[in-house]
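Taking it in order: structure first as structure tokens, then the write-up.
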Protein chains: 2
Amino acid sequence: MSEVKLEPGKMTKGEQTKAVILETALELFRERGYEETTMRAIAERANVALGNAYYYFRSKEHLIQAFYSRTHEERLAASLELLEREPDLQKRLLGILHKMLETIEPYHKFAGVLFRTAADPESPLNPFSADSEPTRRQSIAMFAQVLEGANVKLPKDLKEELPYLLWLYHMGITLFWIHDASPERRRTYRLTERTVDIVVKLIKLGSNPLMRPLRKAALRLVAELREADA
Amino acid sequence: MSEVKLEPGKMTKGEQTKAVILETALELFRERGYEETTMRAIAERANVALGNAYYYFRSKEHLIQAFYSRTHEERLAASLELLEREPDLQKRLLGILHKMLETIEPYHKFAGVLFRTAADPESPLNPFSADSEPTRRQSIAMFAQVLEGANVKLPKDLKEELPYLLWLYHMGITLFWIHDASPERRRTYRLTERTVDIVVKLIKLGSNPLMRPLRKAALRLVAELREADA
DNA sequence: GTCTATAACCGGATAGAC
DNA sequence: GTCTATCCGGTTATAGAC
């Protein structure tokens with residue numbers, strides 16, 4: 001599923017070891033969940049000493065961070081093709097969200113821990129933190145691309161803020177997914193389909209010149225909240 | 001601040017011990033934060049054995065749950081008077097939210113941990129969990145009261161779902177508060193004032209007979225999502 | 001700079017005696 | 001109900017090998 005090539009030719013020994021440890025950890029996380037996976041077990045299956053695991057990953061949580069950027073990249077890659085091919089906004093958005101859900105599905109079992117640490121304002125894993133700024137920026141940029149290539153015209157003010165709002169929206173979907181215990185995550189898919197429809201309608205409605213005053217007011221509120229991210 | 005009388009006359013020895021442990025724990029949490037407070041330190045200052053602390057509280061997290069229901073009750077009490085006196089919906093809602101923010105303010109320092117555990121779907125602290133059902137129900141009931149005594153007429157379908165929606169809204173405010181590092185939590189207060197205004201306008205708009213189809217559609221979506229709480 | 005092995009520390013949690 | 005002893009696992013420290 002999430003196989004990653006460990007090309008020994010292109011990697012130093014250290015990079016290889018690090019990669020092996022990460023793969024092993026994710027494997028165990030998927031098998032048993034996060035809490036149930038001990039650092040000792042990871043080291044053992046990866047055939048390294050416990051101390052060595054800590055040499056490459058400062059803590060168990062840092063393994064999660066590595067996981068984050070990995071799935072994030074997978075997701076970007078998986079989305080590219082769609083973005084080049086599909087012009088319809090609604091289909092673009094829905095497609096992106098589906099790709100995302102597919103990418104993270106294997107990890108649903110330990111999603112709770114992910115989110116738990118992510119929700120802590122002190123944690124570097126917090127998606128609003130300075131630490132995750134690069135990933136966040138990339139992610140928001142992707143939503144900008146979703147809009148960019150679509151067959152819609154947006155007023156400038158909305159166009160600027162919308163990628164961020166869509167990113168927030170996708171975080172909301174993710175939050176729902178985490179709590180979704182339905183078979184095959186049906187509820188999440190249903191929610192996604194319904195809300196994408198609403199979101200697209202709202203975007204079109206909000207672009208209407210008549211809505212300018214309301215739109216301005218709403219965007220000002222959003223801008224204000226955004227400041228609080230720090 | 002959060003002094004609670006420990007009336008020995010009215011309590012069995014066990015209840016007393018339990019109360020002492022809880023008070024000591026909250027004291028230490030406020031002093032040093034959650035992570036920095038060890039169960040051993042709590043037991044020591046409370047003059048009980050470590051094992052005894054675990055006799056009364058199944059885990060360190062369960063101390064948080066006790067804290068929850070405590071502030072929850074304080075909040076209910078603080079809100080009662082307002083609800084009996086004020087007829088204007090907007091003022092009622094704003095007042096309730098202000099009371100809430102006041103009650104939790106002393107604990108802002110370890111609010112992160114609160115939310116972190118609360119966000120874990122597995123955790124009993126999760127506000128959507130079965131474990132927190134009693135508190136949740138009470139809280140939703142309070143929002144029903146906010147509507148009940150107000151000078152507005154609502155269509156039946158909306159009246160039924162709205163308390164839950166307001167509860168969700170207040171959770172959103174809380175989430176923002178957790179991440180709010182501004183002096184005196186100014187941002188949170190500003191956000192609250194602005195959004196309360198919007199919420200009340202939306203409620204009035206949504207009650208308009210012309211909005212019936214849209215309202216029905218929205219409420220159906222909400223009802224569907226609500227099922228997923230389990 | 002990469003890695004092993006081993007021991008130890010710390011704190012949450014549990015068992016079982018009294 | 002209360003205690004002591006113990007386990008368990010994240011984390012650290014050390015000392016040394018390639």
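In what follows, chains carry the letters A, B, and so on, assigned in the order in which the sequence lines appear, proteins first and then strands, with residues in each chain numbered from 1.
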Nucleotide [N], atom [atom2] - distance to [atom1] of [X] in whole Å:
X	N	atom1	atom2	value
L28(A)	dG9(D)	CG	P	13 Å
I21(B)	dG1(D)	CD1	C1'	10 Å
M39(B)	dC7(D)	CE	C1'	16 Å
Y54(B)	dG11(C)	OH	P	12 Å

Going by atom type alone, with no hydrogens or angles, which donor-acceptor pairs under 3.5 Å involve a side-chain atom of residues 97-104 of chain B and a protein atom two or more places apart or on another chain?
from: T103(B); atom 1: OG1; to: K99(B); atom 2: O; distance (Å): 2.6

**Study point:** Contact under 4.0 Å: T17(B) side-chain N or O vs dT2(D) OP1/OP2
**Key:**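 Yes.
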Check your understanding: Has K18(A) got a side-chain N or O lying under 4.0 Å from the OP1 or OP2 atom of dT2(C)?
Key ->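 Answer is no, no contact under 4.0 Å.
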Return the polar atom pairs (N/O with N/O) between nucleotides 16-18 of chain D and the protein under 3.5 Å, or none.
none

**Study point:** Y55(B) six-ring centre to K18(B) NZ/CZ under 6.0 Å and within 45° of normal
**Key:**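 No - K18(B) does not lie over the ring of Y55(B) by the 6.0 Å and 45° rule.
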Practice item. Check ring pair (Phe, Tyr, Trp, His ring centres under 6.0 Å) between Y54(B) and all other residues, then give those that pass, not counting sequence neighbours. Key: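 Scan of Y54(B) (ring pair (Phe, Tyr, Trp, His ring centres under 6.0 Å), adjacent residues dropped) gives none.
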Exercise for review: Kindly write out the residues that satisfy ring pair (Phe, Tyr, Trp, His ring centres under 6.0 Å) with Y169(A), not counting sequence neighbours, or none if the list is empty.
Suggested key: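 So Y169(A) forms no ring pair (Phe, Tyr, Trp, His ring centres under 6.0 Å) with any residue.
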Check your understanding: In chain order, what residues pass the side chain to side chain contact (heavy atoms under 4.5 Å, CB included) check against T135(B), with sequence neighbours excluded?
Key ->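 Expected list: H72(B).
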Practice item. With sequence neighbours left out, write down each residue that passes side chain to side chain contact (heavy atoms under 4.5 Å, CB included) with A66(A), or none if nothing qualifies. Key: L22(A), F57(A)
I'd like to check the salt bridge (charged side-chain N to carboxylate O under 4.0 Å, His left out) partners of [X]; sequence neighbours left out, ordered by chain and number.
X	answer
R58(A)	none
R75(B)	none
E31(B)	R45(B)

Check your understanding: Hey, can you pull the residues of residues 55-68 of chain B with a non-hydrogen atom under 4.0 angstrom from DNA chain D?
Key -> Y55(B), Y56(B)
Point to revise | By side-chain hydrogen bond (donor to acceptor under 3.5 Å, both in side chains) - contacts of E160(A) (at least two apart) | key: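 So E160(A) forms no side-chain hydrogen bond (donor to acceptor under 3.5 Å, both in side chains) with any residue.
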Practice item. Specify the residues of residues 40-52 of chain A, ordered by number, for which at least one heavy atom lies under 4.0 angstrom from an atom of DNA chain C. Key: R40(A), N47(A), V48(A), A49(A), N52(A)
**Study point:** Test: E224(A) and R194(B) ion pair at under 4.0 Å
**Key:** yes
